[in-house]
2 protein chains.
Amino acid sequence: MNDAVAIPVDRESQASRGDHEALRLWLRLLTCTSLMEASVRAELRRDFDCTLPRFDLMAQLERHPEGLRMGELSRRLMVTGGNVTGITDQLVREGLVTRAAPPDDRRAFVVRLTPAGRRQFERMAESHEAWVVRLVGGLAAPERRQLFELLGRLKRSVNRARSH
Amino acid sequence: MNDAVAIPVDRESQASRGDHEALRLWLRLLTCTSLMEASVRAELRRDFDCTLPRFDLMAQLERHPEGLRMGELSRRLMVTGGNVTGITDQLVREGLVTRAAPPDDRRAFVVRLTPAGRRQFERMAESHEAWVVRLVGGLAAPERRQLFELLGRLKRSVNRARSH
DNA sequence: TCTGAATAGATGAGGCCTGAAATGATCGGC
DNA sequence: GCCGATCATTTCAGGCCTCATCTATTCAGA
C-alpha cells in the first residue's frame, strides 16, 4: 500500500452497481465538496490559523461594507442564528468585527469588519483564491463553465423540491 | 418579499462580478451540497430521529456485511478516527452495531451491523433514496449523467492537487 | 530476540452546528 | 393606546468534528 499516491477510498467510490444514479450523483457531489473543504480548511489553518466558518463570515462582510445583520449572515451562510452569534462573539473579542445597534430597530445588530478585520481578510482571500484555482485547475475552462451551469440547474431543482 | 417561494440568498448568489470563475464554481458547489445535506438531514431527523453521520456510518456497514475496521470507516467517511470512535460508541449502546476483536490483530476492531441495525437502516435507506431522487429530479437524465461525469473529473483534479 | 518505527484505536480540549426555548422589540388592527 | 402575532437575537443541551496526544500492538531489521 503506497501512501504517496492519493487513496481513492471514499463514500462514493464504494457505491455498488445496484445503487441508482441519483444516489451516486449525490455521493459524488458530497465527496467533491468534502475533499475541497478539507483542503481549504487545512491550508487556512496552516497559513493563517483561521477556521473556515470565520473566513466565510468575514467574506460576507467584505462584500457588504455597510454591514449585515445577524439574520442576514445566518441566511447567507446557511447556518442557524445561534451559530452566527457564537462566531461573531469570537470575532468581536478578537477585534476583527464590530456589532453596532442600528437606529431604526432595537432588536437587531449590524455586524461590520473593522479595519484590522479587513486587512486580515484580504491577506487570506488572496491565498484562498489561489488554492481554489489550483484545486479545480484539472478541468479545462469549458468544462468548468459547463459544471457551473449544471450546478446552477441542480440548485434550482433542489430549491424547487425543498419548497414542496 | 414572499416567503412561500424559496429565498435565493446564499453564499454563492452574492458573489460579485469581480470574483473569478473558479471561486464561483466552488461556492456554487458548496451551496448545492449544503442545500441537499440540510434537506436530507431534516427528513432523516423528522421521519427516523436519526442523524446523517449515523446513517452514513450504517450505510458503509451495509455495503460490507463482513464488517469494517474503525480505520476503514474513518477513511470512507472522510472523518477522523476519534470521530468514528464516538459515533460507533453510540450505535453500540443502541444495539445497532457491534465491535468485534479480529483474531489476527489485537489492536483493531471490526464493526458490523446487528440484525436490528440492518432492519433500521433498510427502512431509512428507502426513504433516503426517494428524497435524493426528488431533489435531483429537476435535471433531465442526460444532464444528471453529464454532471456526474464532470464531478468525476473534478474529483480527480482535486485529488491530484491535494497530493501536491 | 530485542528494539525502534509504524499502526489501530481511544481520549480530551475546543470549535462548529442544530433545534428548541426564551427574551425583547416591532407591527397591525382595533 | 392596547394586544397578540411576528421578528431579531440569544441561550442551552447535545451531537459532530478536528487536532494533538496517548496506549497498546505489530512489524522489520540488527
Side-chain angles (χ1 to χ4, degrees), chain A residues 1-4 7 30 33-34 37-46 48-58 67-94 99-111, chain B residues 1 3 7 30 33-34 37-58 67-94 97 99-111:
Chain A
M1 194 70 79
N2 181 359
D3 260 11
I7 307 172
L30 190 52
T33 301
S34 300
E37 202 174 307
S39 176
V40 166
R41 186 190 305 279
E43 306 199 71
L44 212 46
R45 176 188 186 81
R46 170 168 55 76
F48 300 102
D49 195 30
C50 183
T51 64
L52 193 47
R54 284 145 103 111
F55 177 80
D56 281 348
L57 196 154
M58 293 173 79
L68 288 172
R69 288 151 71 123
M70 304 292 284
E72 295 181 61
L73 279 170
S74 167
R75 270 198 306 284
R76 286 178 162 76
L77 299 173
M78 294 190 284
V79 297
T80 58
N83 196 358
V84 171
T85 297
I87 299 176
T88 302
D89 282 350
Q90 288 185 49
L91 294 175
V92 167
R93 231 177 288 126
E94 296 169 19
R99 248 203 200 95
D104 56 320
D105 189 339
R106 278 186 300 168
R107 294 171 303 180
F109 285 111
V110 173
V111 186
Chain B
M1 197 69 78
D3 260 10
I7 306 171
L30 190 52
T33 301
S34 300
E37 201 173 306
S39 177
V40 165
R41 186 190 305 278
E43 306 199 71
L44 212 45
R45 176 188 186 83
R46 170 168 56 76
D47 293 353
F48 300 101
D49 194 31
C50 183
T51 63
L52 194 48
R54 284 144 103 112
F55 176 81
D56 281 348
L57 196 154
M58 293 173 79
L68 287 173
R69 289 151 71 123
M70 305 290 284
E72 296 180 59
L73 280 168
S74 168
R75 270 200 306 283
R76 285 178 163 77
L77 299 172
M78 293 189 284
V79 297
T80 56
N83 196 357
V84 171
T85 298
I87 300 176
T88 302
D89 282 350
Q90 290 185 49
L91 294 175
V92 167
R93 232 178 286 127
E94 296 170 20
V97 310
R99 251 203 198 94
D104 56 319
D105 189 340
R106 279 187 299 169
R107 294 169 304 179
F109 285 111
V110 172
V111 185

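Here is how names work: the chains are called A, B, and so on, in the same order as the sequence lines, proteins then strands, and each is numbered from 1.
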Check whether any side-chain N or O of Thr85(A) sits under 4.0 Å from OP1 or OP2 of dT11(D), and answer yes or no.
no
Are the side chains of Arg69(B) and Asp105(B) in contact, using a 4.5 Å heavy-atom criterion?
yes
Please state how far atom CZ in Arg75(B) lies from atom P in dA8(C), giving the value in whole angstrom units.
7 Å
For atom CZ of Arg41(B) and atom P of dC16(C), their distance in whole Å:
16 Å
Figure out the CZ/C1' separation between Arg46(B) and dA20(C), and round it to whole Å.
18 Å
Got Arg54(A) and Glu94(A) here, is their nearest side-chain heavy-atom distance under 4.5 Å?
yes
dC16(D), dC16(C), dA10(C): which one has an atom nearest the side-chain heavy atoms of Phe109(B)?
dA10(C)
Identify whether any heavy atom of Thr80(B) sits under 4.0 Å from a base atom; if not, whether one sits that close to sugar-phosphate; answer base, sugar-phosphate or nothing.
base
Do the non-hydrogen side-chain atoms of Thr51(A) and Leu44(A) ever get within less than 4.5 Å of each other?
no
Taking 4.0 angstrom as the limit, do Arg75(A) and Glu72(A) come out as a salt bridge?
no
If you define the side chain from C-beta out and look only at heavy atoms, does anything of Thr85(B) sit under 4.5 Å from Arg99(B)?
yes
Between C1' of dG15(D) and CG of Leu91(B), the distance in whole Å:
12 Å
With the side chain of Ile87(A) defined as its heavy atoms from C-beta on, choose the nearest nucleotide among dC17(C), dC16(D), dA8(D).
dC17(C)
Can a side chain N or O of Ser74(B) be found less than 4.0 Å away from OP1 or OP2 on dG9(C)?
no
Which of the following nucleotides, dC16(C), dT26(C), dC17(D), is nearest to the side chain of Pro53(A)?
dC16(C)
dG15(C) P sits how many Å from Leu44(A) CG, rounded?
16 Å
Atom-pair distance (CG on Asn83(B); C1' on dA13(C)), nearest Å:
15 Å
CD of Glu43(A) to SG of Cys50(A): how many Å apart, nearest 0.5 Å?
13.5 Å
Mapping Val84(A) and Ala42(A) onto DNA chain D by nearest heavy atom, which one lands closer to the 5' end?
Val84(A)
Side chain of Val79(B), heavy atoms from C-beta onward: which of dA10(C), dT18(D), dT26(C) has the nearest atom to it?
dT18(D)
Would you indicate what Arg99(A) reaches in the nucleic acid, counting non-hydrogen atoms under 4.0 angstrom: base, sugar-phosphate, or nothing?
sugar-phosphate
Phosphate oxygens OP1/OP2 of dC16(D): is one of them under 4.0 Å from a side-chain N or O of Gln90(B)?
yes
Closest listed nucleotide, where the reference is the side chain of Asp105(A) and the choices are dC17(C), dA25(C), dG15(C)
dA25(C)
Which part of the nucleic acid, if any, lies within reach of Gly82(A) when heavy atoms closer than 4.0 Å are counted: base, sugar-phosphate only, or nothing?
base
dT26(D) phosphate, OP1 or OP2: any side-chain N/O from Arg106(B) under 4.0 angstrom?
yes
Want to settle it: does Val110(A) or Asp104(B) sit nearer the 5' end of DNA chain D, counting the closest nucleotide to each?
Val110(A)
Choosing from dT7(C), dC16(C), dC17(D), which nucleotide comes nearest the side chain of Arg107(B)?
dT7(C)
Identify whether any heavy atom of Gly81(B) sits under 4.0 Å from a base atom; if not, whether one sits that close to sugar-phosphate; answer base, sugar-phosphate or nothing.
nothing
May I ask you to say what Arg45(A) touches in the nucleic acid, namely base, sugar-phosphate or nothing, with a heavy-atom cut-off under 4.0 Å?
sugar-phosphate
Rounding to an integer number of Å, can you tell me how far Leu52(B) CG sits from dG19(C) P?
12 Å
Between C1' on dA8(C) and CG on Leu68(B), what's the gap in Å once rounded to a whole number?
15 Å
